[in-house]
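See below for the structure under consideration.
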2 protein chains.
Amino acid sequence: MKHLPHKTIERLSQYRRALLICLDKGQTHIYSHEIAKIQHITAVQVRRDLMLIGYTGTLRKGYNVKELIELIGEIIDSQEGINVSIIGMGNLGRALINYFSGKRSHLKIVASFDINPDKIGNTMSGVPCYSSDDMEKIIREKDIKLAIMTVPADFASQTADALVKAGIKGILNYTPKPVNVPKEVYLEEYDMITSLEKVAFYVKLNESAG
Amino acid sequence: MKHLPHKTIERLSQYRRALLICLDKGQTHIYSHEIAKIQHITAVQVRRDLMLIGYTGTLRKGYNVKELIELIGEIIDSQEGINVSIIGMGNLGRALINYFSGKRSHLKIVASFDINPDKIGNTMSGVPCYSSDDMEKIIREKDIKLAIMTVPADFASQTADALVKAGIKGILNYTPKPVNVPKEVYLEEYDMITSLEKVAFYVKLNESAG
DNA sequence: CTAACAATGTGAATTAATTAACAAAAAAAC
DNA sequence: GTTTTTTTGTTAATTAATTCACATTGTTAG
Ligand SMILES: NC(=O)c1ccc[n+]([C@@H]2O[C@H](COP(=O)([O-])OP(=O)(O)OC[C@H]3O[C@@H](n4cnc5c(N)ncnc54)[C@H](O)[C@@H]3O)[C@@H](O)[C@H]2O)c1
Ligand SMILES: NC(=O)c1ccc[n+]([C@@H]2O[C@H](COP(=O)([O-])OP(=O)(O)OC[C@H]3O[C@@H](n4cnc5c(N)ncnc54)[C@H](O)[C@@H]3O)[C@@H](O)[C@H]2O)c1
């Protein structure tokens with residue numbers, strides 16, 4: 001397979017999420033336009049994405065839900081599961097653990113870290129909380145590859161540095177403070193204010209357009 | 001001004017966030033490459049974006065931080081502030097309220113809604129929590145334009161329908177269930193699993209590439 | 001059996017976003 | 001006071017992403 005576009009990767013993850021729901025409902029096949037409807041995109045786009053990963057459906061019957069889920073898994077998942085950690089067990093950290101727990105997934109949250117003694121030693125949804133001081137040790141011990149940062153913004157940089165030092169391979173940064181990492185560490189950042197301001201902008205635009 | 005690219009809107013919001021920090025530190029001017037560094041993009045891209053909004057810096061001195069913040073505000077903010085509500089005061093809802101409170105912003109969270117009687121009537125970071133039953137009434141009374149959905153996935157559709165009925169103009173959906181809204185309502189959806197799977201994919205790619 | 005239909009798959013065209021390349025000019029160096 | 005440096009602003013080129021247009025082919029209807 002050649003290079004999959006960035007956007008295709010994101011959509012494959014979304015397709016799978018939708019497909020898993022279909023599977024649960026007992027649906028065996030699905031048309032490109034049905035997937036498209038769910039994701040608010042066009043049917044061509046869905047077909048193009050599936051073409052890129054080399055999956056062919058059945059003419060007039062659509063795509064086999066189970067097969068497609070499996071193929072997407074082969075593309076985007078790793079062979080072995082990937083261990084994930086959450087740094088900062090505040091509101092957002094808890095929301096995340098809560099959200100992930102129960103999801104059958106190759107991504108497993110196996111540890112969380114905090115500096116607050118009240119949180120250290122607790123377990124939430126089966127995920128133990130360790131002291132940040134032990135981060136490097138535990139990341140190596142448990143072979144943790146990814147980290148989700150939900151510490152206060154002021155601790156963002158130092159946390160990122162510590163993660164890099166511990167040999168983490170990918171970081172999802174939810175603090176509003178962009179961090180710097182060496183290029184061999186994959187970094188994704190997200191801020192809700194940006195999303196909300198974007199919504200606000202387009203609402204304003206809609207209104208002024210009538 | 002002509003059409004601003006989607007991505008430019010997002011970046012303007014991010015530039016502003018970074019610029020506000022610079023302003024706090026007393027920095028009066030900033031170069032395009034400094035902004036670029038913070039956002040992990042190129043300097044040309046920054047200059048291009050600023051060109052699109054018609055802002056010109058001073059040659060050799062860079063951009064005036066204060067002026068630029070103000071101009072970005074004129075572009076992406078509404079004249080009057082915009083009232084925002086959060087639907088579902090669970091972990092994620094609380095994380096959001098917590099995060100927004102204290103931010104001086106034209107976006108004001110003025111109400112939250114829940115169905116849990118324990119939460120209804122409480123106030124968090126100055127934001128009162130109302131019963132979902134009163135949603136339409138309060139959204140109209142308080143002139144709430146935007147809503148952030150953080151209800152359990154199973155309630156996503158019905159919540160979106162209720163919001164549309166209440167006359168909401170924009171929705172930011174954080175449930176993992178895509179919802180349908182009429183085209184005059186601007187919808188933005190985000191799911192952390194997609195982001196995390198994307199990170200995992202590129203980490204895997206990095207590894208296999210050596 | 002044949003025509004109309006409804007779906008997939010994909011090359012070509014289009015549109016969106018980014019990057020390259022460089023002119024212009026202020027500031028600094030000499 | 002001239003040259004070099006550094007930064008902005010912008011046109012042109014490139015790359016990425018999406019959409020169009022349509023060939024193909026099972027399926028259904030008549
Ligand atoms: N990206 C977004 O969209 C978004 C949304 C909401 C909140 N946030 C951000 O996420 C972060 C967390 O938000 P929250 O509401 O959960 O905050 P919070 O204060 O509830 O939680 C922060 C947690 O981090 C812990 N902590 C502090 N320093 C630490 C360190 N050095 N190492 C490990 N843990 C440490 C604290 O003890 C606390 O438990 C903040 O930076 C906030 O601004 C981002
Ligand atoms: N998009 C993401 O990245 C992301 C991340 C974490 C969680 N989530 C999702 O966000 C949602 C909330 O997560 P959470 O951890 O805060 O869950 P939670 O269970 O802690 O909170 C949900 C809240 O919604 C309330 N609620 C239930 N039905 C309601 C209704 N009809 N109207 C109003 N309120 C209602 C509940 O009483 C509860 O307080 C879930 O759908 C979860 O899957 C999304």
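Values in this document were obtained by computation on a predicted structure and should not be read as measured data.
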Please state how far atom [atom1] in [X] lies from atom [atom2] in [N], giving the value in whole angstrom units.
{"X": "B:Asn64", "N": "D:dT7", "atom1": "CG", "atom2": "C1'", "value": "16 Å"}
{"X": "A:Met51", "N": "C:dG11", "atom1": "CE", "atom2": "P", "value": "6 Å"}
{"X": "A:Arg48", "N": "C:dT14", "atom1": "CZ", "atom2": "C1'", "value": "12 Å"}
{"X": "B:Gln45", "N": "C:dT19", "atom1": "CD", "atom2": "P", "value": "6 Å"}
{"X": "A:Leu52", "N": "C:dG11", "atom1": "CG", "atom2": "P", "value": "11 Å"}
{"X": "A:Ile41", "N": "D:dA17", "atom1": "CD1", "atom2": "P", "value": "14 Å"}
{"X": "B:Leu59", "N": "C:dA26", "atom1": "CG", "atom2": "P", "value": "6 Å"}
{"X": "B:Glu34", "N": "D:dT7", "atom1": "CD", "atom2": "P", "value": "9 Å"}

Considering only side-chain heavy atoms of [X], which listed nucleotide, [options], is closest?
{"X": "A:Thr56", "options": "C:dG9, D:dA17, C:dT19", "value": "C:dG9"}
{"X": "A:Lys7", "options": "D:dT18, C:dA17, D:dG26", "value": "D:dT18"}
{"X": "B:Val44", "options": "D:dG9, C:dA21, C:dT10", "value": "C:dA21"}

- Note, A:Ile168 side chain near A:Ile139 side chain (heavy atom, < 4.5 Å): yes
- Item | N/O donor-acceptor pair, side chain B:Arg60 with base D:dT5, under 3.5 angstrom |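 Looking at the base of D:dT5, it does pair with a donor or acceptor on the side chain of B:Arg60 (distance under 3.5 Å).
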- Got a donor-acceptor pair under 3.5 Å from the side chain of B:Arg47 to the base of C:dT19? no
- Item | Short side-chain N/O contact to C:dG9 OP1/OP2 from A:Tyr63, under 4.0 Å | yes
- Indicate, with a heavy-atom threshold strictly under 4.0 Å, whether A:Thr8 touches base, sugar-phosphate, or nothing. nothing
- For A:Asn83 and A:Lys142, indicate whether the former's side chain and the latter's backbone hold a donor-acceptor pair under 3.5 Å.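 Checked: pair present.
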- Item | Residues A:Arg140 and A:Asp134 bridged, charged N to O under 4.0 Å |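 A salt bridge is absent here (no side-chain N lies under 4.0 Å from a carboxylate O).
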- Query: Quick one: CG on A:Leu92 to CE on A:Met89, what's the gap to the nearest 0.5 Å?
  - Reply: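 If I round to the nearest 0.5 Å, the distance is 10.5 Å.
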- Message: Looking only at the aromatic ring of each residue, does the gap between the centers of A:Phe201 and B:His6 stay below 6.0 angstrom?
- Response: no
